[in-house]
Visitor: 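Before we start, here is the structure in question, set down as structure tokens.
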Amino acid sequence: MATLSLDFYQSHDTLTLSQLLLGCELVHESPDGTTAGIIVETEGYLTDDPACHAYRRQTTRNAAMFGPAGTLYVYQIYNHYNCINVVTSPEGIGEAVLIRALEPTEGLDLMAIRRNDAFKTGFERYRNNTITIDTADGQRNLCNGPGKLTIAMGINRQTHNGASLITSKLFIRGPVLHDFDMVTTTRIGITQGVDLPYRYYVKGNRYVSKK
DNA sequence: AAATTGATGGGCT
DNA sequence: GCCCATCAATTTC
């Protein structure tokens with residue numbers, strides 16, 4: 001399946017893209033190896049939406065959101081975690097799609113190594129945690145949340161915030177999942193705009209972070 | 001089973 | 001100083 005083009009990111013509004021990205025495959029061809037997973041859960045953030053990081057003004061943190069469509073916005077949340085967004089608005093406007101969960105398809109062993117390394121260097125209380133991919137539960141645990149998938153895919157703020165999904169080693173391939181039912185609901189973990197139905201996920205998919 | 005809480009970085013309200 | 005688009009252990013029905 002072909003890599004999504006600039007034209008694709010430019011041709012739809014943010015909420016449409018939030019839905020169209022479901023079933024597409026996020027791929028990272030890193031120096032350590034390739035990992036990939038099907039996007040099964042997204043949230044849209046709009047410029048007139050109080051929950052959006054770009055709601056007020058451009059700052060050093062949210063600057064990438066004001067880049068062209070197809071730019072990656074990576075931000076840090078709650079200490080050690082990062083979350084990734086696809087910018088979906090023209091340059092100068094800050095809208096994006098948060099990728100909240102992946103169904104892993106490639107490089108599960110590398111994902112587990114990265115998650116386990118993160119446990120060792122992360123919060124002291126989780127240092128003894130281990131993920132194994134021998135079980136279905138272990139595999140489900142790799143990428144079923146925005147903080148987890150960012151670790152498993154080897155994405156970090158330093159090298160990926162502001163990067164282009166069109167020209168870099170991190171990109172999205174066109175839909176590999178077809179004919180699924182989609183659930184539309186409210187977003188998770190926010191304190192503003194809590195009633196807006198901007199969260200979408202693949203119905204029945206076991207890798208979705210939360211029902 | 002569900003609700004609560006601790007960890008403690010980095011950018012601003 | 002204060003506030004988080006989280007994760008996983010712990011506590012509480």
Side-chain angles (χ1 to χ4, degrees), chain A residues 14-15 17-19 21-22 26 37 39-67 71-89 94-102 104 111-112 114-132 135 137-162 183-201 206-211:
Chain A
T14 297
L15 295 182
L17 277 166
S18 303
Q19 300 168 50
L21 287 175
L22 290 179
L26 180 67
I39 298 169
V40 296
E41 179 180 351
T42 61
E43 286 178 1
Y45 287 87
L46 308 188
T47 189
D48 62 349
D49 157 17
C52 182
H53 287 179
Y55 178 59
R56 290 175 193 280
R57 67 173 77 62
Q58 185 168 339
T59 65
T60 49
R61 179 176 69 149
N62 66 20
M65 279 185 95
F66 291 86
T71 300
L72 204 66
Y73 168 48
V74 187
Y75 70 95
Q76 185 196 45
I77 186 70
Y78 297 113
N79 308 327
H80 290 179
Y81 296 104
N82 290 321
C83 295
I84 58 169
N85 294 255
V86 178
V87 174
T88 52
S89 50
E95 300 198 349
V97 175
L98 170 69
I99 298 179
R100 284 194 55 90
L102 300 177
M111 289 183 180
R114 286 175 175 147
R115 292 291 316 281
N116 287 326
D117 283 352
F119 281 134
K120 292 199 204 89
T121 56
F123 296 130
E124 193 167 342
R125 59 191 301 193
Y126 302 150
R127 295 244 163 107
N128 295 324
N129 285 21
T130 306
I131 291 179
T132 58
T135 65
D137 270 358
Q139 295 187 12
R140 195 173 65 89
N141 204 12
L142 289 173
C143 295
N144 63 338
K148 296 178 184 183
L149 74 88
T150 303
I151 296 169
M153 291 294 287
I155 298 168
N156 61 74
R157 235 170 31 267
Q158 294 75 15
T159 57
H160 299 288
N161 186 37
V183 177
T184 301
T185 181
T186 54
R187 298 172 292 184
I188 289 182
I190 54 171
T191 55
Q192 309 269 319
V194 291
D195 294 328
L196 297 171
Y198 295 168
R199 174 169 176 252
Y200 310 93
Y201 64 85
R206 38 185 277 105
Y207 297 90
V208 170
S209 69
K210 185 167 168 272
K211 292 280 184 166

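No experiment lies behind these values; they were computed from the predicted model shown.
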Visitor: Find the distance between OH (A:Tyr200) and CG (A:Leu17) and round it off to the nearest 0.5 Å.
Guide: 10.5 Å

Visitor: How far apart are the closest heavy atoms of A:Arg115 and A:Asn141, and which atoms are they?
Guide: NH1-O, 2.8 Å

Visitor: Could you spell out the base pairing of DNA chain B in dot-bracket, with Watson-Crick or G-U pairs whose two distances are under 3.5 Å, [ ] crossing and | to another strand?
Guide: |||||||.||||.

Visitor: If you define the side chain from C-beta out and look only at heavy atoms, does anything of A:Leu15 sit under 4.5 Å from A:Tyr198?
Guide: yes

Visitor: A:Asn85 near the nucleic acid: base, sugar-phosphate alone, or nothing, with a heavy-atom cut-off under 4.0 Å?
Guide: base

Visitor: Given that A:Gly147 and A:Thr191 both sit by DNA chain C, which one's nearest nucleotide is further toward the 5' end?
Guide: A:Thr191

Visitor: Could you give the distance separating C:dT10 and B:dT8 at their P atoms, to the nearest angstrom?
Guide: 15 Å

Visitor: According to a strict under-4.0 Å criterion, is A:Arg115 in side-chain N/O contact with OP1 or OP2 of C:dA8?
Guide: yes

Visitor: Tell me which nucleotide among C:dC7, C:dA5, C:dC4 gets nearest to the side chain of A:Tyr78.
Guide: C:dC4

Visitor: At a heavy-atom distance below 4.0 Å, which nucleotide of DNA chain B is the first touched by chain A, and which is the last?
Guide: B:dG6 to B:dT13

Visitor: Aromatic contact between A:Tyr45 and A:His53, with the criterion being ring centroids under 6.0 Å apart: yes or no?
Guide: no

Visitor: Distance check, C1' atoms only: C:dA8 and B:dG10, in whole angstrom units.
Guide: 22 Å

Visitor: Can you tell me how far CG of A:Leu149 sits from CD1 of A:Ile155, rounded to the nearest 0.5 angstrom?
Guide: 6.5 Å

Visitor: Quick one: label A:Arg187 by what it contacts on the DNA or RNA (base, sugar-phosphate, nothing), any heavy atom closer than 4.0 Å.
Guide: nothing

Visitor: To the nearest Å, how far apart are A:Gln192 CD and C:dC3 P?
Guide: 12 Å

Visitor: Expressed in angstrom and rounded to an integer, what is the separation of A:Glu41 atom CD from C:dT6 atom C1'?
Guide: 13 Å

Visitor: Classify the nucleic acid contact of A:Arg199 as base, sugar-phosphate or nothing, counting any heavy atom under 4.0 Å across all strands shown.
Guide: nothing

Visitor: Expressed in angstrom and rounded to an integer, what is the separation of A:Gln76 atom CD from C:dC7 atom P?
Guide: 14 Å

Visitor: Measure the distance from OH on A:Tyr126 to P on C:dA9 and round it to the nearest whole Å.
Guide: 6 Å

Visitor: With respect to the phosphate group of C:dA8, does any side-chain polar atom (N or O) of A:Lys148 fall under 4.0 Å of OP1 or OP2?
Guide: yes

Visitor: Would you please say whether a donor-acceptor pair under 3.5 Å links the side chains of A:Lys120 and A:Asn116?
Guide: no

Visitor: Could you check whether A:Glu95 and A:Ser89, counting side-chain N and O atoms only, form a donor-acceptor pair closer than 3.5 Å?
Guide: no

Visitor: Please give, in whole Å, the distance from C:dC4 C1' to A:Tyr73 OH?
Guide: 11 Å

Visitor: Should A:Tyr45 be counted as stacked on C:dA5, where stacking needs a ring-centre gap under 5.5 Å and an angle between planes under 30 degrees?
Guide: yes

Visitor: Select base, sugar-phosphate, or nothing to describe what A:Tyr55 touches, counting heavy atoms under 4.0 Å on all strands.
Guide: nothing

Visitor: Once you round it to whole Å, what is the distance between P of C:dA8 and NZ of A:Lys210?
Guide: 15 Å

Visitor: Where do A:Asp49 and A:Arg187 land on the salt bridge (charged side-chain N to carboxylate O under 4.0 Å, His left out) test, with the steps shown first?
Guide: CA-CA 12 Å; A:Asp49 157 17; A:Arg187 298 172 292 184; 2.6 Å; yes

Visitor: Round to a whole Å and report the spacing from CD of A:Glu124 to C1' of C:dC7.
Guide: 17 Å

Visitor: Please examine the side chains of A:Glu43 and A:Tyr201, heavy atoms only from C-beta on, and report whether any two atoms are closer than 4.5 Å.
Guide: no

Visitor: Quick check: on DNA chain B, is the nucleotide nearest A:Ile77 upstream (toward 5') of the one nearest A:Arg57, or the reverse? Name the residue that is more 5'.
Guide: A:Ile77

Visitor: Please state how far atom CG in A:Asp137 lies from atom C1' in C:dA8, giving the value in whole angstrom units.
Guide: 15 Å

Visitor: Could you please spell out the steps behind the side-chain contact (heavy atoms from CB on, under 4.5 Å) verdict for A:Arg199 and A:Lys210?
Guide: CA-CA 11 Å; A:Arg199 174 169 176 252; A:Lys210 185 167 168 272; 4.3 Å; yes

